[in-house]
Structure formats: C-alpha cells, structure tokens
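Below, read A as the first sequence line, B as the second, and so on, with proteins coming before strands; counting in each chain starts at 1. Because the structure is a prediction, the values reported are computed rather than measured.
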Amino acid sequence: MKLRIAPSPTGHLHIGNARTALFNWLYARANNGTFLVRIDDTDTARSSEEYINDIVKNFKWLGIDWDEGIQVGGPHGEYKQSLRFDRYREIAESLLSRGLAYEDEGAIRFKVPNENSIVFDDITRGSMKFELSDVEDFIILRSDKSPTYHLASTVDDIDYEITTIARGEDILSSTPKHILLMQALNADVPTFCHLPLLFGPDGKKLSKRHGDTSVSSFRDMGLLPEALFNYMCLLGWAPGNDLEIFDKDLVIQKFDLANVLPNPAIFDTTKLLWMNGQYIRNTSDDDFTLSALEKISQDLDRELFEKEISRIKKILPSVQERIETLNDLTPQIKFLLDEPFEVNQEEWDSVNSSEGQSYLMSIREIFKSLEDFSLSNIENIMREELKNKDTKPKIGFQITRVSVTGTKVSPPLFESIYALGKDAVLARLAESIEKL
RNA sequence: GGCCCCGUCGUCCAGAGGCCUAGGACGCUGGGUUUUCAACCCAGAAACGCCGGUUCGAAUCCGGUCGGGGCUGCCA
C-alpha cells in the first residue's frame with residue numbers, strides 16, 4: 001500500500017492540505033504502507049521554493065514524516081514535477097501519436113470517448129458513476145508545452161506506483177479524467193478516496209477568505225503541534241468510545257479511511273484552543289518549563305537572565321494551569337522580568353483604599369523581618385494579618401496584587417510574591433506606599 | 001444552468017433497524033470553589049431538514065423534496 005500527498009507550492013501549507021496529508025499518513029502508517037510527498041509545481045509562475053520550505057517545515061512540525069519523496073529522496077529522482085516536464089511531454093506525444101489526443105491551438109487535448117461511463121469505488125463514498133458524455137475533452141499539455149495537473153499528477157501516480165489516492169472532494173469530478181488517462185496508459189487504476197472538505201464558519205470551502213488558514217499561522221498562535229494534530233484527526237473521524245484526547249499511537253492503531261465521514265466539517269478554532277489548553281496542562285513539568293522558557297525568550301527577543309529564569313520557574317506551575325496557548329505565557333510572567341516595572345494607574349485607583357493602604361504597610365513591615373521567605377510563610381502571614389486588622393481578603397489582597405504585579409489580573413498572589421522574591425517585593429511595596 | 005457530493009444539538013463527533021424518552025466534547029447558561037484571571041467540579045438548555053415508502057418496529061434502508069457545498073480553467 002502506497003499513499004501520497006502532492007501539495008502545490010503556491011502558498012503556505014494550508015490547514016486543509018495538512019488534514020489531507022494527515023489522513024494519508026495515518027492510513028499508510030496504520031497499514032504498514034509507504035507514504036510519499038511530492039511537489040506538484042506544474043504552475044511554474046505561482047510556485048516558489050519558499051513555499052516548498054514552508055510545506056516541508058510544517059509537515060515536520062506536525063509530526064508527519066515520509067518514506068519517499070522531496071528531500072528524503074527515493075528511486076524516482078527529486079519528486080518535483082517541474083523537473084519531469086520531459087517525461088510528461090513524452091507521454092503527451094505518445095497519446096497524440098496513438099490518436100488518443102489531438103492538437104488544439106498549440107495545446108494538446110485528451111480525447112474523451114463520449115460513450116460509456118466511468119465507474120469506481122470510492123472508499124468513503126461507495127460506488128461512483130460518471131457519464132462520459134458529461135466529461136469534456138481536457139487539456140493535458142499547454143501551448144507552452146508544460147503539463148497540466150491532470151497529466152502530471154496521473155503520470156506521477158503511475159510512475160511512483162501509488163495504490164491509494166486520498167484527496168479532497170473538490171477533485172472528485174476530475175477523477176473520471178484521471179481514470180481515463182490511466183486506462184489509456186495501460187496502468188492499474190488505484191483506489192480512490194475523496195475526503196470531505198474543510199469549511200469555514202460560513203459553510204464554504206476553507207480558504208484565504210477566512211483569514212490566515214496556514215499551518216504556520218496556527219503555530220504563531222502558540223498552539224502545540226500535538227494539539228493541532230489531535231484536533232485535525234477529529235475532523236471527519238473519531239476513534240470511538242467518545243475518546244477525544246489521544247496520541248499518535250492510538251490513532252494509528254484505530255485509523256481507517258473507511259470510517260471517515262463523507263460530509264464536510266467546519267473548522268472551529270474554539271474547540272482547538274480548548275484542546276490546546278488540555279495539552280498544555282498534560283505536559284510534564286520539565287517539558288513545560290523547557291518550552292516555556294524558550295517561548296518567553298523568543299517573545300522578548302533576548303536571552304533570559306539567571307535571576308529571571310529562577311523567578312519564572314517558580315511561577316510556571318501556576319501559569320501552566322491557566323493558559324490556553326503559549327502566547328498567553330509572556331504577559332502572565334511579565335512582572336517577573338528584570339525590566340522597568342510600572343503599575344497600571346487606573347487599576348491601582350480602583351483597588352486603592354485607606355483600609356488597603358494600612359494592610360499594605362503592615363505586611364511590608366512583617367515581610368521585612370521575615371527570614372524564611374517561603375510560600376507557606378507568605379500565605380500564613382498575609383492571612384493572619386487580614387484577621388488582625390479585620391480586613392476582607394478582597395480589600396487586602398487586591399491592593400497587594402496590583403502593587404506587586406502591576407495589574408489586577410495575575411497568577412495566584414502568594415505564588416507571585418514568592419516568585420518575585422523578598423527584595424523586589426519590598427521595593428515594590430515601598431514604591432506603592434510612597435505614592436499613597 | 002449542467003454534472004457530482006453531502007444533510008444528527010450553534011460546532012466536532014457517537015449512533016451501522018429495536019439497547020435512543022438520541023450519547024460525549026467544545027461553546028453557552030446557572031451553581032459550587034474563590035484574593036484576580038483561569039483551571040476544576042456539578043447542573044441545564046440545545047439536534048435526527050421535510051414528505052412518502054419498506055418493516056411488527058427507522059436517526060439508521062429506499063424514493064422524492066428542500067437545503068448546503070464542490071466542479072464546470074491552457075489553477076490544483
């Protein structure tokens with residue numbers, strides 16, 4: 001069993017293509033088959049090397065690897081159609097000389113017999129039938145002698161011995177043309193599977209009209225590849241038992257193209273975001289620390305100082321519990337950075353009160369003489385002082401939060417104070433008290 | 001217009017004739033927890049497009065209808 005994905009490098013890797021690649025990859029892996037990636041760049045004007053790199057990079061990021069094809073090589077050259085134009089011309093010429101095609105204003109058209117019909121079994125859709133009287137003679141070689149998609153793709157599928165073609169439903173009506181070409185070339189007709197399209201929220205084929213739908217844009221959103229992978233699996237397929245969060249191994253074990261739904265799915269970012277949060281929470285502490293520090297450094301566009309790293313590490317467990325994407329990280333730990341610190345004036349005003357001020361001054365004094373600045377000591381002291389002064393938690397804690405973190409919304413208060421460290425906390429409290 | 005595909009909560013999926021007064025998840029609403037924001041827990045609203053047929057019995061099979069979508073390029 002051999003499957004392929006054949007993206008056109010006329011844009012960034014599109015999420016719809018990624019999903020098609022994923023299902024092909026899964027089917028190949030589930031059946032101990034071969035997965036091949038080739039580049040369909042017959043449209044030389046719109047294709048570019050930059051996009052090939054983007055496609056390759058994002059397949060790898062998603063964890064989709066291939067056994068044959070672009071970059072990894074194999075018995076068929078470089079797996080780029082732009083390098084095989086001679087081969088396609090040769091085929092077009094042979095069809096011409098056999099009377100199966102004809103010249104039309106410099107281009108070559110395949111002659112579609114207008115009797116009979118084409119019948120084939122589609123894995124997800126069952127028996128398909130197209131009357132040939134509905135199929136037009138189609139161009140296989142353009143007047144500039146470059147092959148069209150129909151020709152190049154079909155020849156490659158034959159030459160590379162593809163056994164199963166799973167592609168988007170948008171090409172379903174072109175399938176009779178491809179079967180006709182294969183028959184004309186005396187090749188075995190592979191098994192077809194037309195996967196349901198991905199729709200935007202408006203119920204139309206997902207495209208640039210729906211904003212940036214490239215895989216790289218999802219990475220830029222701070223998504224984990226495992227989460228996107230998991231989410232894409234659920235678009236048109238499910239492993240059963242209402243299982244929703246699962247890893248690669250489980251999918252490979254259960255996946256079958258025959259169980260893919262024939263109806264289109266709307267790509268809903270909301271659930272994807274939720275799922276990403278689940279994956280973040282399920283990440284081990286060590287792994288999360290590693291990727292978090294890297295991400296923060298990336299966002300800041302600089303290396304982190306040792307002091308910052310040790311502070312951040314202390315708060316990370318709390319942050320991991322409450323973020324949805326990696327992009328939520330840096331804003332949450334911003335107050336721990338060794339950078340000019342500023343309190344949001346408006347928010348300060350909204351929590352400021354004489355009762356709060358009094359609490360602030362008291363805990364500063366207590367903190368000052370506290371030798372063991374531990375998390376539990378901080379919490380005990382702050383709660384005790386609340387009781388002493390008969391102050392409500394909200395009054396005492398919120399003003400402290402704004403004073404120490406700069407805003408009303410932050411990671412948990414005691415953890416934030418503990419992470420920031422005694423010296424910086426005292427300094428910030430002093431600063432707030434000064435301007436009271 | 002022609003050809004083709006599709007049709008279960010707003011969304012993703014479960015359901016492959018009786019187990020369905022249709023199940024799970026996201027989202028939404030209400031509640032709990034609570035020092036913020038989250039996370040977490042509990043509860044709730046929410047769907048088989050419609051009409052026929054087959055059958056003792058249909059979300060499940062068939063036909064029609066309506067609705068949505070794709071293709072109709074010397075793009076892929």
Under 4.0 Å, heavy atoms only, any strand: does [X] hit a base, just the sugar-phosphate, or nothing?
{"X": "Ser410(A)", "value": "base"}
{"X": "Pro412(A)", "value": "base"}
{"X": "Glu136(A)", "value": "nothing"}
{"X": "Lys408(A)", "value": "base"}
{"X": "Phe267(A)", "value": "nothing"}
{"X": "Gly236(A)", "value": "sugar-phosphate"}
{"X": "Ile140(A)", "value": "nothing"}
{"X": "Leu413(A)", "value": "base"}
{"X": "Phe199(A)", "value": "sugar-phosphate"}
{"X": "Ile139(A)", "value": "base"}

Please pick, from [options], the nucleotide with the shortest atom-to-atom distance to any side-chain atom of [X].
{"X": "Ala238(A)", "options": "C12(B), A14(B), C5(B)", "answer": "A14(B)"}
{"X": "Ile266(A)", "options": "U11(B), U35(B), C6(B)", "answer": "U11(B)"}
{"X": "Asp134(A)", "options": "G70(B), C3(B), C6(B)", "answer": "C3(B)"}
{"X": "Ser173(A)", "options": "U36(B), C71(B), A25(B)", "answer": "C71(B)"}
{"X": "Val409(A)", "options": "C71(B), C12(B), U36(B)", "answer": "U36(B)"}
{"X": "Ala265(A)", "options": "C4(B), C13(B), U35(B)", "answer": "C13(B)"}
{"X": "Asp242(A)", "options": "U8(B), C5(B), G23(B)", "answer": "G23(B)"}

Has [X] got a side-chain N or O lying under 4.0 Å from the OP1 or OP2 atom of [N]?
{"X": "Lys204(A)", "N": "G69(B)", "result": "yes"}
{"X": "Lys145(A)", "N": "C74(B)", "result": "no"}
{"X": "Thr42(A)", "N": "A76(B)", "result": "yes"}
{"X": "Gln278(A)", "N": "C40(B)", "result": "yes"}

Would you say the ring centers of [X] and [Y] fall short of 6.0 Å from each other?
{"X": "Phe218(A)", "Y": "Tyr231(A)", "value": "no"}
{"X": "Tyr149(A)", "Y": "His178(A)", "value": "yes"}
{"X": "Tyr27(A)", "Y": "Phe35(A)", "value": "no"}
{"X": "Phe341(A)", "Y": "Phe335(A)", "value": "no"}

Can you tell me the pairing partner of [N] across any strand shown, Watson-Crick or G-U wobble, with both distances under 3.5 angstrom?
{"N": "C71(B)", "value": "G2(B)"}
{"N": "C37(B)", "value": "none"}
{"N": "C66(B)", "value": "G7(B)"}
{"N": "U54(B)", "value": "none"}
{"N": "A43(B)", "value": "U29(B)"}

Exercise. Given that Trp274(A) and Gln81(A) both sit by RNA chain B, which one's nearest nucleotide is further toward the 5' end?
Worked result: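 This one resolves to Trp274(A).
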Problem set entry | Earlier contact from the 5' end, RNA chain B, for Lys394(A) and Thr270(A) |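 Result: Thr270(A).
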Without decimals, in angstroms, what is the distance between [X] [atom1] and [N] [atom2]?
{"X": "Lys387(A)", "N": "U35(B)", "atom1": "NZ", "atom2": "P", "answer": "13 Å"}
{"X": "Asp144(A)", "N": "G73(B)", "atom1": "CG", "atom2": "C1'", "answer": "14 Å"}
{"X": "His210(A)", "N": "U11(B)", "atom1": "NE2", "atom2": "C1'", "answer": "14 Å"}
{"X": "Asp268(A)", "N": "C13(B)", "atom1": "CG", "atom2": "P", "answer": "11 Å"}
{"X": "Leu261(A)", "N": "G7(B)", "atom1": "CG", "atom2": "C1'", "answer": "11 Å"}
{"X": "Lys392(A)", "N": "U34(B)", "atom1": "NZ", "atom2": "C1'", "answer": "15 Å"}
{"X": "Asn241(A)", "N": "C12(B)", "atom1": "CG", "atom2": "P", "answer": "21 Å"}
{"X": "Ile171(A)", "N": "G69(B)", "atom1": "CD1", "atom2": "C1'", "answer": "16 Å"}

[atom1] gap between [N] and [M], integer Å:
{"N": "A46(B)", "M": "G24(B)", "atom1": "P", "answer": "14 Å"}
{"N": "C56(B)", "M": "G49(B)", "atom1": "P", "answer": "25 Å"}
{"N": "G64(B)", "M": "C5(B)", "atom1": "P", "answer": "12 Å"}
{"N": "G52(B)", "M": "A58(B)", "atom1": "C1'", "answer": "14 Å"}
{"N": "C48(B)", "M": "A59(B)", "atom1": "C1'", "answer": "4 Å"}

Exercise. Counting only distance, no hydrogens or angles, is the base of C74(B) paired donor-acceptor with the side chain of Ser143(A) under 3.5 Å?
Worked result: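 Under the 3.5 Å cut-off, the side chain and the base do form a donor-acceptor pair.
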For this session: Ignoring hydrogens and angles, answer whether the base of C37(B) and the side-chain atoms of Arg322(A) contain a donor-acceptor pair closer than 3.5 Å.
Result: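 Indeed, a donor on one side and an acceptor on the other fall under 3.5 Å apart.
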Exercise. Can a cation-pi geometry be assigned to Lys145(A) and Phe85(A), taking NZ or CZ under 6.0 Å from the six-membered ring centre and within 45° of the ring axis?
Worked result: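 Output no; distance or angle outside limits.
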Problem set entry | Quiz item: cation-pi between Lys177(A) and Phe110(A), 6.0 Å / 45° |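 Lys177(A) over Phe110(A) ring: no.
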Problem set entry | Side chain Ser82(A), main chain Asp41(A), donor-acceptor under 3.5 Å |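 Judged by distance alone, no pair lies under 3.5 Å.
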Exercise. Looking at CG of Leu360(A) and OG of Ser403(A), how far apart are the two atoms once the value is rounded to the nearest 0.5 Å?
Worked result: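 Going from CG on Leu360(A) over to OG on Ser403(A), the span is 5.0 Å.
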For this session: Please state whether the rings of Phe414(A) and Phe397(A) are parallel, tilted or perpendicular, taking 30° and 60° as the class boundaries.
Result: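 Judged by the thresholds at 30° and 60°, the geometry between Phe414(A) and Phe397(A) is perpendicular.
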